[in-house]
Every structure is written in structure tokens, then in C-alpha cells.
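In what follows, a structure is listed as C-alpha cells, so that the remarks can point back to it.
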Amino acid sequence: MNNANIFANLRAQFPADLDSIAVETDHGLHYSWRDLERGSAMMANLLQSLKLPQGSRVAVQVEKSVEAFVLYLATLRAGLVFLPLNTAYQSAEIEYFITNAEPAVVVCSAKNFGWVSKIAFTCAAQSVFSLNDDRTGSLLERAAHCSDIHSCSRNTDGDLAAILYTSGTTGRSKGAMLSHGNMLSNAVMLKDYWGWQKGDVLIHALPIFHVHGLFVAIHAALINGSKMIWLNKFDPKTVISAMPRATVFMGVPTLYTRMLLESALTKEASKNMRLFIAGSAPLLKETHEEWEQRTGHKILERYGMSETVMLTSNPYSADKRFQNQSERRAGTVGFPLPGVSLRIANEHDEQLPTGEIGGIQVKGPNVFAGYWRMPEKTAEEFTQDGFFRTGDVGYQDERGYVRIVGRSKDLIISGGYNVYPAEIEGYINEMVGVNESALIGVPHPDFGEVGIAVIIAKPGAALKPDAILADLKSKLANFKIPKRCEIVTELPRNTMGKVQKNLLREQYKSVFTRT
Ligand code: MCA
Ligand code: AMP
């Protein structure tokens with residue numbers, strides 16, 4: 001029987017010449033395919049030497065580095081479950097994830113080892129290792145003593161490969177459980193759909209703790225045996241200067257708008273590039289058009305979720321046989337990908353006619369198994385006939401292109417990161433002198449959308465916006481901090497007394513975009 005382990009399948013596509021370059025960093029380091037093979041074998045042997053039960057989680061909060069990417073491969077290879085965590089998360093956030101997921105192994109930056117290991121050991125983790133972005137840390141020291149020969153774990157399609165935490169409309173984050181089969185089916189299909197070719201080189205400039213940078217980008221490059229030009233941190237100038245040696249780039253819209261501010265972005269600079277892909281947040285039509293004007297390339301926009309990996313994509317092919325379906329259309333996220341069933345449904349989960357707006361529901365081999373240890377939440381998000389309710393609202397036009405027009409979930413997407421208003425409001429409402437708060441998302445020229453906190457004080461309390469923001473900053477990941485705080489005397493409400501966030505969004509919509 002075939003091994004469904006995703007590492008085994010990616011490994012099978014490594015080039016025959018293992019000494020050729022697999023990863024080149026912006027710091028001038030070169031890693032061969034053999035380095036990836038040996039490095040992941042050594043780390044996998046280290047993890048297996050811990051004799052962990054099947055399904056054990058390996059939680060990782062480290063700065064981006066090639067070694068962190070190799071740790072991801074090693075975890076898959078050892079048949080364990082990878083749990084990536086945003087480096088911006090602070091102790092209360094990390095404590096929640098570790099308590100909830102109960103990882104057997106935790107890997108963190110050496111600078112955070114004190115507080116992270118305290119949380120980890122309190123939650124019965126077996127081992128805590130450090131890993132830094134300068135190739136130091138106890139993980140590498142320990143792995144250096146392990147064999148560089150390792151036989152990959154055998155897995156079935158349904159075996160758990162990763163858990164990605166994501167939040168819903170209320171309450172705490174939920175761990176979306178993705179299997180080897182979910183990820184492999186998506187990677188195999190996208191290789192074909194996006195026309196990956198021999199000689200393609202990917203510029204990798206995204207963080208590796210979310211689906212976009214970790215799965216979509218890395219799996220695509222590996223399954224095509226393609227070299228990556230690796231940036232630990234996005235820098236528009238560095239990406240543009242790498243374009244003559246590359247062919248594919250993936251980014252959230254903010255990365256594109258930041259590159260558009262660079263005079264070095266020209267048709268000449270990008271003439272070697274084959275494909276620019278955008279996703280994770282809506283790409284403005286203006287960005288799409290300006291990019292085409294400046295580079296001659298039409299960005300290919302696609303849509304996905306942590307729970308489902310990739311769902312829809314604009315077409316890659318300009319093949320005339322597909323007539324009017326081969327165009328990349330700005331403002332749309334394209335067509336359901338092969339194998340993905342997508343429908344626009346009403347509140348009774350019934351399919352709506354073309355052109356009508358409703359909830360986007362999906363089904364397919366890419367759709368996750370459920371939320372970690374939350375069977376009720378999982379059941380709530382699936383329809384009786386097995387479709388997953390994405391929480392996104394949209395329609396399909398007469399040509400079949402999907403357009404997202406809103407979200408039924410209260411979510412702000414800022415620079416490609418998700419911010420859940422309920423979480424931030426919870427923190428603000430606990431502050432002394434606060435009566436009530438509402439966090440809304442408004443347009444922003446750099447991050448696409450950012451949060452504004454609108455707050456009512458308790459009678460007699462004098463609230464200071466700066467103090468509120470500073471307090472939040474000490475507790476929460478930096479991207480979650482509202483970019484502004486407004487103290488008001490009342491919030492607009494409907495007849496049921498519910499705050500009308502749509503009216504607040506309207507009121508504050510031009511705060512950051514006014515020229
Ligand atoms: C940084 N800051 C932000 C954000 N990032 N504020 C709001 N939203 C953000 N996304 C703020 C920090 O709080 C800080 O503020 C200041 O900017 C500088 O922080 P720094 O970390 O230096 O920022 P940066 O390096 O310029 O980062 C911006 C970025 C980054 C490169 C756009 O946010 C990024 O890499 N975003 C990509 C996220 C991503 O990969 N998403 C994919 C999710 P202060 O100085 O006040 O503290 S996967 C997904 O959504 C689905 C599945 C899909 O479809 O792909
Ligand atoms: P996450 O929870 O990080 O997996 O974010 C998934 C959400 O990002 C989706 O439910 C959408 O709301 C949003 N998203 C992803 N890609 C796009 C896109 N191309 N356009 C609009 N929204 C997107």
C-alpha cells in the first residue's frame with residue numbers, strides 16, 4: 001500500500017541530484033536537497049528517540065529559519081503532529097494553546113525558553129528544545145548526535161499531520177486538525193493547476209506558522225523539486241532584487257502594496273517571473289491593476305482557509321480552449337479547485353441560484369476532519385450533507401467565478417493575520433473604568449484592514465486611549481492591537497440592543513484612507 005505520509009510524497013519529488021541547491025537564503029547560505037534530507041532525518045530520529053505515543057503534538061514557536069522549516073519536515077517524517085505558533089503570541093496566548101493541545105514536545109526561541117518551558121512542563125510536555133534563527137539552540141545540538149538515516153513513518157490519508165489554531169465568532173481559538181491526505185491532495189492538485197514547471201524557483205517571504213507560507217508555498221516548491229529563495233523576513237527591496245533569479249512569488253496583499261511603493265519594481269525587474277499569487281485577504285482591484293501596469297503580470301488570486309487549505313483559484317492557464325474561463329479576474333477568487341465542491345447556500349443550507357449572495361460551503365479531500373477536542377463545535381460547522389460552512393459570504397457569477405463579498409463571522413484580516421474582535425473586546429472590557437467596547441475593522445492603505453476600538457467608559461471614569469493600547473500591548477500579539485482607540489458616550493444599537501458594528505464601520509471607514 002502507498003504511504004500517504006506527506007513528507008514521503010514530497011521527498012519522492014526531490015531532484016535526482018541531491019547535491020543541487022534546494023534553498024538559498026538572503027544571508028548567502030545554501031542548503032542542498034541532501035541537507036534537507038539529512039537534517040530532517042536527524043531531527044526525526046531525535047523526535048523518535050523520545051518514544052512518544054502516536055499522534056503526539058510538537059508545538060513550535062520560533063523565528064523563521066531554514067532549520068525551522070526542516071523541523072516541520074522532520075515532524076511529518078516522524079509521523080508526529082506539527083503545531084505552529086505565531087512568533088508574536090505572548091505568554092497568555094501561548095499558555096492557552098499549550099494547555100489546549102497538550103504537546104509532548106515544545107520548541108521555542110532560546111530567549112523565551114524560561115517562560116515557555118514553565119508553561120510547557122506545567123502542561124506535562126516531555127521535552128522543551130530551543131531553536132534560534134542563527135542555527136543555534138538545543139534542538140540542533142541534540143539532533144547533531146542522531147543518525148542521518150531515517151525511514152519515514154507510514155501513514156494513511158486520515159492520519160493527523162498538523163493542527164492550526166484559528167478562531168470563530170465567539171470564544172477561544174480552535175485547533176483545526178489537518179491530515180496527511182488533506183494537505184497532499186491539495187499540493188498535488190495545485191502543482192498541476194498552477195502549472196509548476198521544471199526550473200521554477202519560488203521566492204519564499206511569508207511566515208511559516210500559517211497555511212500560506214507553511215503549506216501552500218513550501219509544499220508547492222518541494223513537490224515540484226523547485227529551489228526556494230528564502231527570506232526570514234519580508235523586505236520589498238530584497239524580493240524585487242531576487243526576481244531575476246526566480247519565477248514564482250506568493251504573498252498576502254500587503255506584500256504587493258509594499259512592493260508597489262518601490263521604484264525598482266518594473267517590467268524589466270520582473271521579466272523572469274512566471275507567476276505572482278495572492279491570497280489570505282482580499283486583493284484590491286486597484287492593486288491588481290497597478291501591479292499589471294507596473295510589471296506586465298496579472299496577479300493570480302486564490303482563496304483558502306486553515307480548515308480547508310486552498311479552495312478556489314483564478315486560472316493559471318491562458319489556454320484559449322477554456323474560452324472565457326482562462327482570465328484572471330480582479331475582485332474574484334476564481335473557480336472552485338478540482339476536487340472541491342463549493343456551493344452558495346441560504347440559511348437552510350440549500351443551494352442558491354447563480355448570482356445570489358449566500359454562505360460559502362465546501363466539501364472535498366482538502367477539508368479538515370474537525371476541531372481538536374471540540375466535537376460540538378465541529379458538528380456546528382458542518383451541514384447535514386457534509387459541507388463545511390466557511391463563514392465567508394459571496395456569490396458565483398454567471399461565468400462561475402466566486403466573489404467574496406463579506407463574512408458572517410466577525411473577523412478582521414489585517415495584513416493577512418486574523419484578528420477576532422471578541423477576543424480583544426474581552427480584554428478591553430476587563431479594564432478598570434470600561435463599560436463596554438466594540439472592535440471594528442476599517443480600510444487601511446498598508447494592512448488592508450485594521451482594528452479600531454470604540455469604547456464606552458463607566459460613569460465618572462476617565463479613560464485614556466494610549467493607556468488602553470499600552471495595556472493591550474503588554475498582553476496580546478502586536479498585530480492584534482487596535483491601531484486607534486475612540487472613547488464615546490454611546491454605541492449604535494438595533495432594537496434587540498445589539499451593537500450595530502456596520503454603522504460604526506461606516507462612521508470610521510475613512511480614518512486611515514483619507515488623503
Ligand atoms: C505587523 N504589524 C501589523 C501586522 N504586522 N499590524 C497589523 N496587521 C499586521 N499583519 C505591526 C506590528 O504590530 C508593529 O507595530 C509593526 O507593524 C511592525 O511589526 P513587524 O513585525 O516589524 O511588521 P512587518 O515585518 O512589517 O510585518 C508586516 C507583514 C506581516 C510582513 C505584512 O504582517 C506578514 O508577514 N503578514 C503575512 C501574514 C500571513 O502569512 N498570513 C497567511 C495566513 P508596533 O510597532 O506598533 O508594535 S494563512 C491564511 O490566511 C489562509 C489559509 C490563506 O488563504 O492563505
Ligand atoms: P485563516 O483563518 O487564517 O485560515 O483565514 C481564512 C480566511 O481568510 C477565509 O475564511 C477568508 O475570510 C480569508 N481569505 C483567504 N483568502 C482570501 C481571499 N483571496 N480573499 C478574501 N478573503 C480571503
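In listed order, ligands and their atoms are each counted from 1. All values reported here derive from a predicted model rather than from experimental measurement.
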Minimum distance, heavy atoms only, to [atom]: which one of [options] is it?
atom                    : options                        : result
atom 54 (O) of ligand 1 : Met305, Arg302, His212, Met250 : Arg302
atom 21 (O) of ligand 1 : Glu307, Lys233, His444         : Lys233
atom 12 (C) of ligand 1 : Val450, Asn86, Ile277, Asn478  : Asn478

So for ligand 1, is [X] a polar contact partner (N or O within less than 3.5 Å, distance only)?
X      : answer
Arg258 : yes
Thr254 : no
Ser280 : yes

Notebook entry, point to check: Using heavy atoms and a threshold below 4.0 Å, how should the contact between Phe479 and ligand 1 be classified: side chain, backbone, both, or neither?
Noted result: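 For Phe479, the contact with ligand 1 is made by both the backbone and the side chain.
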Considering only protein heavy atoms, which is closest to [atom], and at what distance to one decimal place?
atom                    : result
atom 6 (N) of ligand 1  : Lys483 NZ, 2.8 Å
atom 10 (N) of ligand 1 : Ser414 O, 2.8 Å
atom 13 (C) of ligand 2 : Ile413 CD1, 3.4 Å
atom 5 (N) of ligand 1  : Phe447 CE2, 3.8 Å
atom 36 (N) of ligand 1 : Gly415 O, 3.0 Å
atom 6 (C) of ligand 2  : Gly304 O, 3.6 Å
atom 33 (O) of ligand 1 : Tyr417 CE1, 3.3 Å
atom 41 (N) of ligand 1 : Gly416 O, 3.0 Å
atom 1 (P) of ligand 2  : Asn418 ND2, 3.1 Å

Checklist line | atom 18 (C) of ligand 1 touched by protein heavy atom at under 4.0 Å | finding: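 No, there is no protein heavy atom closer to it than 4.0 Å.
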Notebook entry, point to check: Would atom 46 (O) of ligand 1 count as contacted, meaning some protein heavy atom under 4.0 Å?
Noted result: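 There is a protein heavy atom less than 4.0 Å from atom 46 (O) of ligand 1.
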Checklist line | Chi angles and distances behind the ring-ring contact (aromatic ring centres under 6.0 Å, His included) call for His210, Tyr417 | finding: CA-CA 9 Å; His210 287 303; Tyr417 288 142; 5.6 Å; yes
Check: Out of curiosity, Ile203 CD1 to Phe249 CZ, how far, rounded to the nearest 0.5 Å?
Finding: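 Going from CD1 on Ile203 over to CZ on Phe249, the span is 6.5 Å.
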Examine the proximity of ligand 2 to [X] and report which part, side chain or backbone, both or neither, has a heavy atom under 4.0 Å away.
X      : result
Ser280 : backbone
Ala281 : backbone
Lys409 : side chain

Notebook entry, point to check: If you measure from each heavy atom of Ser306 to ligand 1, is any distance below 4.0 Å?
Noted result: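 Yes.
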Notebook entry, point to check: Under a heavy-atom criterion of less than 4.0 Å, does Lys473 contact ligand 1?
Noted result: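 So Lys473 counts as touching ligand 1.
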Next item on the list: Identify whether NZ of Lys or CZ of Arg in Lys64 sits under 6.0 Å from the centre of the six-membered ring of Trp230 and within 45° of that ring's axis.
Entry: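 Checked: cation-pi criterion met.
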Next item on the list: Enumerate the atoms of ligand 1 whose separation from the nearest heavy atom of Leu206 is less than 4.0 angstrom.
Entry: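 Matching atoms, with element in brackets: 40 (O).
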Check: In terms of atom number and element, which parts of ligand 1 are under 4.0 angstrom from non-hydrogen atoms of Val211?
Finding: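 It comes down to these atoms of ligand 1: 48 (S), 52 (C).
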Item checked: N or O pair under 3.5 Å between Glu301 and ligand 2 ->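 N/O-N/O distance under 3.5 Å: yes.
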Note to self: When you compare ligand 2 with Arg302, is there at least one nitrogen or oxygen pair between them that comes in under 3.5 angstrom?
What the structure shows: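 Yes, there is a polar N/O contact under 3.5 Å.
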State plainly whether the residues [X] and [Y] are in salt-bridge range, i.e. N to O under 4.0 Å.
X      : Y      : result
Glu63  : Lys111 : yes
Arg343 : Glu350 : no
Glu301 : Arg329 : no

Margin query: With a 6.0 Å cut-off (strictly less than), is the heavy-atom count around CZ of Arg274, excluding the residue itself, greater than 12?
Written below: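 Buried by this count: over 12 neighbours within 6.0 Å.
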Notebook entry, point to check: Which atoms from ligand 2 have a heavy atom of Met305 less than 4.0 Å away?
Noted result: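 Counting atoms of ligand 2 from 1, those under 4.0 Å from Met305 are 4 (O), 6 (C), 9 (C), 10 (O).
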Check: Which residue, Glu381, Glu307, Glu376, forms the side chain to side chain donor-acceptor pair (under 3.5 Å) with Tyr371?
Finding: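 Going through Glu381, Glu307, Glu376 one by one, the side chain to side chain donor-acceptor pair (under 3.5 Å) with Tyr371 is satisfied by Glu307 alone.
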Next item on the list: Report yes if some heavy atom in the side chain of Val454 is under 4.5 Å from a heavy atom in the side chain of Leu439; otherwise report no.
Entry: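 Val454 does not reach Leu439 side chain to side chain.
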